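Since the structure comes first, as structure tokens, the remarks are kept for the end.
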Amino acid sequence: MKVRARQSSGYVLGPCAQCGKEERAILMFQDDRMGVECMACGDIFGVDAIEWVE
């Protein structure tokens with residue numbers, strides 16, 4: 001899965017699939033993979049690529 005995120009803050013654009021809120025951020029797993037976490041409901045999933053936007 002590919003996501004779009006703001007370069008300045010790391011916030012991911014678009015709503016959470018679980019709760020629908022737009023409070024998601026980029027995170028890094030211990031094995032250096034990237035992921036996304038919803039700050040509202042705690043849903044976490046891995047991503048294949050991140051498109052950084054301004």
Side-chain angles (χ1 to χ4, degrees):
M1 171 183 272
K2 182 178 181 179
V3 296
R4 295 179 66 198
R6 294 201 184 276
Q7 189 172 12
S8 60
S9 64
Y11 280 101
V12 176
L13 304 176
C16 173
Q18 294 290 327
C19 70
K21 295 187 179 176
E22 293 196 29
E23 298 177 17
R24 302 183 304 159
I26 296 294
L27 61 89
M28 183 177 287
F29 299 112
Q30 288 182 343
D31 61 0
D32 293 332
R33 291 181 304 123
M34 299 299 280
V36 172
E37 179 179 12
C38 177
M39 304 305 203
C41 72
D43 184 44
I44 297 174
F45 62 91
V47 296
D48 298 323
I50 300 169
E51 179 185 344
W52 296 103
V53 296
E54 301 227 3

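Side-chain atoms are counted along with the backbone in the values below, which use heavy atoms only and exclude waters and symmetry mates. Keep in mind it's a predicted model, so treat the numbers as computed, not measured. Just so you know, residue 1 is the first one in the sequence shown, and it goes up from there.
By the 4.5 Å heavy-atom criterion applied to side chains, Phe45 and Gln18 are not counted as neighbours. Side-chain atoms of Ile26 and Val3, non-hydrogen and from C-beta on, do get closer than 4.5 Å to each other.
Residue pairs meeting the side-chain hydrogen bond (donor to acceptor under 3.5 Å, both in side chains) criterion with at least one member in residues 44-54: none, sequence neighbours excluded.
Legend: residues meeting side chain to side chain contact (heavy atoms under 4.5 Å, CB included) with Asp32, ordered by chain and number and at least two apart, are Met28.
The hydrophobic cluster containing Val47 also contains Val12, counting ILVMFWY residues as joined when their side-chain heavy atoms lie under 4.5 angstrom apart, directly or transitively. By the criterion of side-chain heavy atoms lying less than 4.5 angstrom apart, applied directly or through intervening Ile, Leu, Val, Met, Phe, Trp or Tyr residues, Val36 is not grouped with Phe29; the two fall into different hydrophobic clusters.
For the atom pair Lys21 NZ and Cys16 SG, the distance stands at 10.0 Å (nearest 0.5 Å). Remark: Cys19 SG to Met39 CE distance equals 12.0 Å, nearest 0.5 Å.
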